[in-house]
Amino acid sequence: MSAEEVRELYDFAVPRVLAAGKIMLEAKVIKGEEKNGVEWDWVTEFDGQIEQVLIGQMRHRYPEHKFIGEESSSNAELTDAPTWIIDPIDGTENFIHKLRLSCLSLGVTIGKEQVFGIVFNPHMDELFTAIRGEGAFLNGERIHVSSQNDFRQSFFNYELGMARTSDYYYNLYMFRLKHLIPKVMSFRCLGCAALGLCYVACGRTDAYQCDGLHIWDAAAGTLIVREAGGYVVDSSGRDFELAKPNFLAASTKALADQYLRIEREADEEMSRALKVKEEFAP
């Protein structure tokens with residue numbers, strides 16, 4: 001697909017994302033419920049409503065394209081076809097509690113490669129966008145990551161919500177925090193992956209990390225970080241894979257490497273501790 005065709009898709013998407021954001025702003029009574037009976041995963045009627053509106057409009061215009069939505073897709077496998085990846089409300093618990101840190105996220109892939117990303121926080125009227133190779137923008141103004149490359153001076157957004165999902169993630173986060181807290185200048189946990197990535201992109205934070213997420217959490221924001229000059233890597237240190245989004249996003253590779261080195265030490269300690277626990281279990 002040519003650059004002109006990608007731009008046409010982007011120009012079609014932006015006003016529809018902005019319009020869908022009004023649904024969030026107009027929500028007066030917001031009631032959350034457990035999704036599929038999972039007590040840590042919440043959804044509202046507005047998640048489904050926004051997703052249905054967006055996918056309906058895009059499928060009408062591009063019926064041959066593929067669509068992956070958080071609320072409607074049982075299969076999130078990427079193909080080479082143009083694919084629209086939608087998180088209708090990222091930060092649902094923030095949205096339920098009227099904390100103004102929730103957003104719509106839309107990423108598009110072609111040939112399994114990210115070509116543009118849009119993240120819109122209607123509560124603050126902030127539109128983050130990026131087209132591959134053209135830079136990243138906030139409300140039309142070019143943005144860049146910070147120049148921080150020293151983890152001891154870094155402002156780190158570490159997403160801890162996934163610690164509730166399994167014993168594995170609980171131990172992973174707890175052991176890493178044990179190693180990170182004495183060394184990192186400051187921590188935050190914002191509860192919204194897409195905005196967490198965008199805040200790295202515009203320099204509000206220096207790094208953001210989360211493990212155990214889904215493709216719709218990362219489809220837009222990771223591209224925005226890269227187009228803002230940042231670095232995105234798998235939390236293991238391997239190359240980032242959108243289909244398996246365990247990620248660390250940082251202002252610089254040097255900063256990411258420092259975090260990864262500390263976390264490898266924590267992961268090794270966790271492995272040893274769990275092995276000992278297993279050996280001595282009754």
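Numbers for residues simply follow the sequence, beginning at 1. This structure is a prediction, so every number in the text was calculated from the model and none was measured.
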Give a yes or no on whether Gln52 atom CD has more than 12 heavy-atom contacts from other residues, nucleotides or ligands under 6.0 Å away.
no
Are Ser235 and Gln209 close enough that a side-chain donor and a side-chain acceptor fall under 3.5 Å?
yes
Please confirm whether the ring centroid of Tyr208 lies under 6.0 Å from the ring centroid of Phe247.
yes
Given side chains that start at C-beta, do those of Thr79 and Lys66 come closer than 4.5 Å, heavy atoms only?
yes
Run the ring-centre check on Phe12 versus Tyr62 and record whether the distance is less than 6.0 Å.
yes
With no hydrogens and no angle check, do the side chains of Ser271 and Glu268 hold a donor and an acceptor under 3.5 Å apart?
no
Show me the pairs that pass salt bridge (charged side-chain N to carboxylate O under 4.0 Å, His left out) and involve residues 197-220, at least two apart or across chains.
Glu126-Arg204, Arg176-Asp211
For residues Phe240 and Val233, determine if any side-chain heavy atom of one lies less than 4.5 Å from a side-chain heavy atom of the other.
no
Pairing donors with acceptors under 3.5 angstrom, does anything connect the side chains of Arg188 and Ser186?
yes
For the rings on Tyr173 and Tyr158, is their centre-to-centre separation under 6.0 Å?
yes
Please report the interatomic distance CD1(Ile50) to CD1(Ile23), rounded to the nearest 0.5 Å.
5.0 Å
What I'd like to find out is whether the side chain of Leu197 reaches to under 4.5 Å of the side chain of Ile224, using heavy atoms alone.
no
Got a sec, which residues hit side chain to side chain contact (heavy atoms under 4.5 Å, CB included) with Ala194, two or more places apart in sequence or on another chain?
Asp90, Cys103, Ser105, Val119
Step through the shown structure and confirm whether more than 12 heavy atoms of other residues, nucleotides or ligands are within 6.0 Å of CD on Glu64.
yes
Return yes if a side-chain donor-acceptor contact under 3.5 Å exists between His123 and Ser102, otherwise no.
yes
